[in-house]
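To start, the structure itself, in structure tokens.
The sequence lines fix the lettering, A, B, ..., with proteins before strands; numbering per chain opens at 1.
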Amino acid sequence: MSEEKNDDLEAVRAEKLRKIEALGVDPWGRRFDDHSAIADVRARAPEAAQPGDEVPGPRVRIAGRIMLRRVQGNVHFLELRDWTGRIQLFVGKKQVGPEAWELAKQLDLSDLLGVDGTLGFTKTGELTVFAESLTFLGKSLLPPPEKWHGLTDIEARSRMRYLDLFSNPESLQTFLGRSKIVSSIRRTLESRGFVEIEGPTMQSIAGGAAARPFVTHHNALGLDLYLRIALELHLKRLLVGGMERVFELGRVYRNEGISRKHNPEFTMMEAYQAYGDYHTMMELTEALIGNAILAVDGNYTRTIHVGPEGEAAPVTVDFTPPWPRKTYNELVLEHAGVDPADPEAVKARAESLGLETAGKDPVVILGELFEEAVEDQLVGPVFVIDYPAPLCPLTKRKAGRPEIAERFELFVLGMELANAYTELNDPILQEQLFRQQLAGLPEEESMAKMDEDFIKALKHAMPPAGGLGIGIDRLCMLLLDRPSIRDVILFPLLRPQSSLGSVGG
RNA sequence: GCCCUCCUAGCUCAAUUGGCAGAGCAGCUGACUCUUAAUCAGCGGGUUCCAGGUUCGAGUCCUGGGGGGGGCACCA
């Protein structure tokens, strides 16, 4: 029984754990059945007892983490939080009895606690659970972040997401929101008869997009493998196999830079519908994103802060479908002020914006001009349709107009949210386009291999189809109004922290 | 990979020209049965990211390293 002063926060909590054990209480808790969500308890406020009432309010049982503690002699006010909300507890020495009171005195911020009590209002009108008994559910051996500011350091929040989630309610809401979005997307697809499949993530040829893959190695096969960079080619094989409406919602990996909008692993949804085309996919996109936005908070409009720390004024975007369709060419004319069919004018305009044009294909210059002069202007939501064919090696050409590809991209606030094609199902043309694409690339800029098996699949006849891809992380950024992709990815990639003081390194 | 910038107590933040490293919260002791970031009195708490350098003196200046954030490039 040491009375020595102890300034070590961990040691103080460890000592409390020993005291809790000494009371005969398991400091790590046990199964705790039939407790209510705090939000549900709050909803019963109309039944709660008022200060003068003879009859106690309804009995409730809740569980959660102690977020705030106001000790007032023989009464402790605690604030308990679960993932639905927070509520005040009244713990009185007289009311809970001597044993529970001994336990109450050992409680720390951040401990987990179950409570049985009655619902009522305090004299100051705060909805409160008046505790009758306490069930200890978990000792926190480390001090929590500051009770008012929470954890603000972005690095710490990403590395210790558990702390971020329980000390920053808006962070928990963001990730619950992401879950609603993903679940809504699955519901919408399933309601339209799409089936979800799981393609291979380790592939010997990483195709379906132009991106640098990660390399891994299979020991027993003595084989280098790539992590997938897209879902596309395997889903199309399934179209050939007769899965007429098929989608995958999963992780893809691209070995490229990290930024506010890029994480090396991210979540894609790709859906393919046999006998559809890109117009079918536009309608599907409106349903998918429209339903997702409603699933978050029942409203089609969003106020979105563009850029870090909300530098610019927030922009309000209305997602009420249908959304306008504009052709690539008319947007170039509208925002860049040049005729896209006039290569010299396009080149001149690109150069006036400081773009390097020397030795570049006219269509590439046009693409760069579009990115530079048009994309940022697209507040949207707007479908940009009918792309120059050379930019789209996996896309069917418009009937009678081989220079135009039946493709759309959905833009909101200058960000590409969705990308869709009428899928190219001509194996001869597909093989030719692959060869052209590979011809210009250095050997290591891999993806750089012809996927012979995919071509073979097409030769067995793939139905004409519409295909759609949506980057789920960016969709979440927009719908949840978070400025960084790291705010919507639970565990974004970070460099390992240099371990100070650890030996053997 | 390049440029800019940040790293101080468990957490949130101060520290003038280079001059004794501070506050709030959290913690500890005491008072308090209706508080609301409770309040009041008292107490303890630091490898200023790391390693060097300049200096009588470095949290502050210089060099190198680590990690983060923003931008560029690559991409979605």
Side-chain angles (χ1 to χ4, degrees), chain A residues 3-13 15-16 51 67-79 86-96 101 108-110 120-128 130 140-160 163 167-168 208-213 229-230 252-268 270 307-309 311 356 371 375 409-410 415-419 445 447 469-475 477 483-486 492 494-501 505:
Chain A
E3 263 311 305
E4 75 191 64
K5 279 196 190 121
N6 204 336
D7 46 54
D8 181 351
L9 300 175
E10 286 187 49
V12 169
R13 283 172 178 254
E15 177 59 25
K16 286 183 181 174
M67 301 308 293
L68 235 43
R69 196 159 165 265
R70 294 183 283 274
V71 174
Q72 166 121 22
N74 292 318
V75 171
H76 294 181
F77 290 95
L78 306 180
E79 286 200 24
R86 60 195 310 163
I87 196 165
Q88 176 170 267
L89 305 180
F90 180 108
V91 182
K93 182 180 184 182
K94 215 163 53 186
Q95 289 83 349
V96 297
W101 186 247
D108 277 319
L109 288 181
S110 194
F121 286 95
T122 60
K123 288 176 185 170
T124 50
E126 173 90 14
L127 185 65
T128 299
F130 291 83
S140 170
L141 292 173
L142 294 172
E146 216 258 3
K147 67 185 180 187
W148 187 243
H149 299 93
L151 195 62
T152 62
D153 179 68
I154 291 179
E155 178 181 1
R157 292 175 59 180
S158 300
R159 284 190 198 278
M160 296 179 286
L163 284 184
S167 65
N168 299 79
R212 229 168 255 130
I229 57 174
V252 299
Y253 307 85
R254 297 190 182 176
N255 205 340
E256 280 147 7
I258 296 178
S259 80
R260 217 158 53 77
K261 293 181 182 174
H262 302 260
N263 195 62
E265 54 177 319
F266 62 102
T267 302
M268 282 286 301
E270 291 191 25
E309 295 300 314
E311 293 287 325
E356 187 59 54
E371 285 171 21
E375 289 189 359
E409 292 190 303
L410 173 67
M415 207 191 279
E416 178 199 327
L417 267 198
N419 184 13
E445 301 267 317
M447 98 151 260
I470 294 179
I472 299 297
D473 311 271
R474 288 182 176 181
L475 178 66
M477 286 172 65
S484 167
I485 200 167
R486 290 178 218 98
L494 292 174
R495 288 184 145 94
Q497 227 159 9
S498 64
S499 55
L500 316 167

For A:Gly471, answer base if it contacts any base atom (sugar-phosphate contacts may also be present), sugar-phosphate if it contacts only those atoms, and nothing otherwise; contact means non-hydrogen atoms under 4.0 Å. nothing
Output the single nucleotide from B:rU33, B:rA76, B:rC13 whose closest atom is nearest the side chain of A:Glu416. B:rA76
Find the partner of B:rA23: check Watson-Crick (N1-N3 plus N6-O4 or O6-N4) and G-U wobble (N1-O2, O6-N3) distances, both under 3.5 Å, and reply none if neither fits. B:rU12
Heavy atoms, side chains only, cut-off 4.5 Å: are A:Ile229 and A:Val252 in contact? no
I need the CG-C1' distance between A:Leu68 and B:rC34, as an integer number of Å. 16 Å
So, for A:Leu127 and A:Ile87, which heavy atoms are closest and what is the spacing to 0.1 Å? O-CG1, 3.8 Å
Now, which nucleotide makes the Watson-Crick or G-U wobble pair with B:rG1, with each of the two distances under 3.5 Å? B:rC72
What distance do A:Asp108 atom CG and A:Leu141 atom CG have between them, rounded to the nearest 0.5 Å? 9.5 Å
Name the closest nucleotide to the A:Arg254 side chain, picking from B:rC74, B:rA76, B:rU35. B:rA76
Could you give the distance separating B:rG69 and B:rC32 at their P atoms, to the nearest angstrom? 49 Å
Quick check for you: to the nearest 0.5 Å, what is the distance between A:Met67 atom CE and A:Gln88 atom CD? 15.0 Å
Could you tell me whether A:Arg86 contacts a base, only the sugar-phosphate backbone, or nothing, with contacts defined as non-hydrogen atoms closer than 4.0 Å? nothing
Nearest-nucleotide pick for A:Lys147, side chain only, options being B:rA37, B:rG27, B:rU12: B:rA37
Indicate, with a heavy-atom threshold strictly under 4.0 Å, whether A:Asn419 touches base, sugar-phosphate, or nothing. nothing
Can you tell me the distance, in whole Å, between the CD1 atom of A:Ile154 and the C1' atom of B:rU5? 13 Å
With rounding to the nearest 0.5 Å, note down the distance linking CZ in A:Arg260 to CZ in A:Arg486. 9.0 Å
Among the nucleotides B:rU12, B:rU33, B:rA26, which one has an atom lying closest to any side-chain atom of A:Val75? B:rU33
Quickly work out the A:Leu9 CG to B:rC11 P distance and round it to whole Å. 10 Å
Would the distance check show the side chain of A:Ser259 and the main-chain N or O of A:Lys261 forming a donor-acceptor pair, the cut-off being under 3.5 Å? yes
If you measure from the C1' atom in B:rU17 to the same atom in B:rA73, how many Å do you get, rounded? 41 Å
B:rC32 pairs with, by Watson-Crick or G-U criteria that keep both distances under 3.5 Å: none
Looking only at B:rC74, B:rA76, B:rG27, the nucleotide nearest the A:Arg474 side chain is B:rA76
Side chain of A:Leu494, heavy atoms from C-beta onward: which of B:rG27, B:rG69, B:rU35 has the nearest atom to it? B:rG69
Side chain of A:Val71, heavy atoms from C-beta onward: which of B:rC32, B:rG67, B:rA37 has the nearest atom to it? B:rC32
Parallel, tilted or perpendicular: rings of A:Phe90 and A:Phe77 (30°, 60°): perpendicular
Work out how far the P atom of B:rA21 is from that of B:rC49, and round it to whole angstrom. 15 Å
If only side-chain N and O atoms of A:Arg260 are considered, is one of them under 4.0 Å from the OP1 or OP2 phosphate oxygen of B:rG71? yes
For a quick check of understanding: with a heavy-atom distance under 4.0 Å over all strands, which category does A:Gly150 fall into, base, sugar-phosphate or nothing? sugar-phosphate
Work out how far the C1' atom of B:rC20 is from that of B:rA26, and round it to whole angstrom. 27 Å
Base-pairing assignment for B:rG52 (Watson-Crick or G-U wobble, both under 3.5 Å): B:rC62
Separation of B:rG69 atom C1' from A:Lys261 atom NZ, nearest Å, is 16 Å
Separation of atom CD in A:Glu15 from atom P in B:rU29, rounded to whole Å: 10 Å
May I ask you to say what A:Glu155 touches in the nucleic acid, namely base, sugar-phosphate or nothing, with a heavy-atom cut-off under 4.0 Å? sugar-phosphate
Any side-chain N or O of A:Thr122 below 4.0 angstrom from OP1/OP2 of B:rU33? no
On RNA chain B, compare the nucleotides closest to A:Arg69 and A:Phe266; which residue's is nearer the 5' end? A:Arg69
Which value, in whole Å, describes the distance between the P atoms of nucleotides B:rA9 and B:rU47? 9 Å
Heavy atoms only: give me the nearest A:Met268-A:Gly469 pair and the separation to one decimal. CE-CA, 4.2 Å
Any sub-3.5 Å donor-acceptor pair from A:Arg69's side-chain atoms to A:His76's backbone N or O? no
To the nearest angstrom, the CZ-P distance between A:Phe121 and B:rU35 comes to 16 Å
With a 3.5 Å cut-off and just heavy-atom distances, do the side chain of A:Gln72 and the base of B:rU39 make a donor-acceptor pair? no
Report the distance from atom CD of A:Glu371 to atom C1' of B:rC72, rounded to the nearest whole Å. 15 Å
Who does B:rU17 pair with, Watson-Crick or G-U, both distances under 3.5 Å? none
Taking B:rU60 as the reference, what is the distance to B:rU16 when you measure between their C1' atoms (whole Å, please)? 11 Å
Of the listed nucleotides (B:rU33, B:rG70, B:rG27), which one gets closest to any side-chain atom of A:Leu109? B:rG27
Distance check: side-chain N/O of A:Arg70 vs OP1/OP2 of B:rA38, anything under 4.0 Å? yes
Using the P atom as the point on both nucleotides, what is the distance between B:rA58 and B:rG19, in whole Å? 11 Å
Taking B:rG70 as the reference, what is the distance to B:rA31 when you measure between their P atoms (whole Å, please)? 50 Å
Nearest listed nucleotide, side chain of A:His149, among B:rG27, B:rG67, B:rU12: B:rU12
State whether A:Arg486 places a side-chain N or O below 4.0 Å from either non-bridging phosphate oxygen (OP1 or OP2) of B:rG69. yes
B:rA38 - base-pair partner by Watson-Crick or wobble geometry, distances under 3.5 Å: none
Length of the CE-C1' vector between A:Met67 and B:rC25, whole Å: 14 Å
With stacking defined as ring centroids separated by under 5.5 Å and planes differing by under 30°, is A:Phe77 stacked against B:rA38? no
Proximity to the side chain of A:Lys16 - top-ranked nucleotide from B:rG68, B:rC11, B:rG27: B:rG27
Give A:Asn255 one of three labels, base, sugar-phosphate or nothing, depending on what nucleic acid heavy atoms sit under 4.0 Å from its own. nothing
Classify A:Glu10 by what it touches in the nucleic acid, base, sugar-phosphate, or nothing, heavy-atom distance under 4.0 Å. nothing
